[in-house]
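Basis for what follows: all heavy atoms, side chains included, without hydrogens, waters or symmetry-related copies.
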Amino acid sequence: MNNSDKFILFSIIVIIGLLIIWGVSFQKDYLPEFNPNASEEQKTNWIKAKTKEYIKNNLYNNEEYIALKWEGSGYTDDLGHTTTYSAFHIPSVEWNTLRLSHTFKIINKKGCESHYCKHIEFDKKGNITNFVNRIDGEDYTGIEQITGMIQGPLRNSNNEELIIWGEDIVRKHISENLNNSQKYIPIEWTLYTKLTLERKVFDALDFTFSSIKQVADFHPNWIHAALCIEHKYIIEGRDGYKQTKHSVFIISPKGKVKEVSYGYFSISKSAEEQYKLLFTNFY
């Protein structure tokens, strides 16, 4: 066998090896069609795998998806009857629409952890038909109608829900101020602080991502409140453009937001100036 034949044989072996590796990888990642006759456990595993696949397909390079919680669920049958569960549960019966809530985080190439909670809907064939934010800031308790005061997540949500709500508002605010050639890259969510003001009593509470401590229990009789999120991020654009920003995002109970440079936020101000900065002039 001459050198040319040896090279051809070696090339064929390499190609076959690559095809085998690709085939194993494809088989590992391949998700079969939804089987309505499968067991409840099999359906649960399939729904989770389908959700994971959907999320990962919408990530940028080097981003990692980590599931945190699978929460309440429910379904509607062909007759239009709806059944809900307080905990995550996949029914053994056939559904027309399946609903569930899922909390997860995304870690990007900078090591920054961003939090999400999505309301997800599946049709009877297992297709995802709706994928939206579950924590939207609306008051479902009816307290706002009774008191006439805007409550929102600042009064009703725990730490975890408040952070998810706030981060989503910040991401949306930044994205709306980008042009088509620019890209937003979070570096760090540095600090989350809830501020309250009751007449002349001002309080501030720093908190972390946890569902244990209820932020709503902190100074519950406030008249004015705001959520402050300190955040570092990069804006990348064409021709190597890159801008690093360190900002504080101030969010009102209605979900209105304004961005203030961290340096400006830390400058000493009078009580009136602080009040206007933290609790007024939202757009």
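For the 3.5 Å distance criterion, the side chains of Trp165 and Ser157 fail to qualify, holding no donor opposite an acceptor. In this structure, a donor-acceptor pair under 3.5 Å is present between the side chains of Thr103 and Glu71. For the 3.5 Å distance criterion, the side chains of Thr82 and Arg99 fail to qualify, holding no donor opposite an acceptor. A donor-acceptor contact closer than 3.5 angstrom links the side chains of Glu167 and Tyr192. A donor-acceptor contact closer than 3.5 angstrom is absent between the side chains of Gln182 and Tyr184. Using modelled atom types, one finds no donor on one side chain facing an acceptor on the other under 3.5 Å when comparing Glu41 with Thr44.
Classified by interplanar angle (parallel below 30°, tilted 30° to 60°, perpendicular above 60°), the ring pair Tyr85/Tyr75 is parallel. Using bins of under 30°, 30° to 60° and over 60° for the plane-to-plane angle, the ring pair His231/Tyr233 lands in the parallel bin.
Taking Ile, Leu, Val, Met, Phe, Trp and Tyr as hydrophobic and joining them when side-chain heavy atoms fall under 4.5 Å apart, one finds Ile185 in a cluster with Ile187, Ile234.
Under 4.0 Å is where a charged nitrogen must lie from a carboxylate oxygen, and between Lys245 and Glu259 at least one such pair does.
Closest approach of Ala226 to Ile250, counting heavy atoms only: CB-CG2, 4.0 Å.
Side-chain contact check for Glu64 versus Ile66: some heavy-atom pair is nearer than 4.5 Å. You'll find the side chain of Ser247 stays beyond 4.5 Å of the side chain of Tyr262, heavy atoms only.
Here Phe88 and His102 keep their ring centres 6.0 angstrom or further from each other.
Under the rule for a ring-ring contact (aromatic ring centres under 6.0 Å, His included), the partners of Trp46 that lie at least two apart in sequence or sit in another chain are Phe34. For Glu113, the side chain to side chain contact (heavy atoms under 4.5 Å, CB included) partners are Lys105, Ile107, not counting sequence neighbours.
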Residues Phe104, Trp70; criterion side-chain contact (heavy atoms from CB on, under 4.5 Å); working and verdict: CA-CA 9 Å; Phe104 58 95; Trp70 299 90; over 6 Å; no
I'd like to know whether Glu160 forms a side chain to side chain donor-acceptor pair (under 3.5 Å) with His115, so could you lay out the CA-CA distance, the side-chain angles of the two residues, the decisive distance to 0.1 Å, and finally the verdict. CA-CA 9 Å; Glu160 181 179 297; His115 305 87; over 6 Å; no
Could you walk me through whether Cys228 and Lys194 pass side-chain contact (heavy atoms from CB on, under 4.5 Å), step by step? CA-CA 6 Å; Cys228 290; Lys194 182 180 179 182; over 6 Å; no
Applying side-chain contact (heavy atoms from CB on, under 4.5 Å) to Phe249 and Val260, what does each step give before you reach the verdict? CA-CA 6 Å; Phe249 294 85; Val260 181; over 6 Å; no
Show the numbers, then the answer: is there a side chain to side chain donor-acceptor pair (under 3.5 Å) between Asn96 and Asp77? CA-CA 5 Å; Asn96 185 279; Asp77 60 25; over 6 Å; no
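Atom CZ of residue Phe282 and atom CD1 of residue Ile251 lie 8.5 Å apart, to the nearest 0.5 angstrom. The CG atom of Leu195 lies 9.5 Å from the CG atom of Leu205; values are rounded to the nearest 0.5 Å.
For the pair Lys183 and Tyr60, the cation-pi criterion (under 6.0 Å, within 45° of the ring axis) is fulfilled.
Clustering ILVMFWY residues whenever any of their side-chain heavy atoms sit less than 4.5 angstrom apart, transitively, puts Leu162 in a cluster other than the one holding Leu191.
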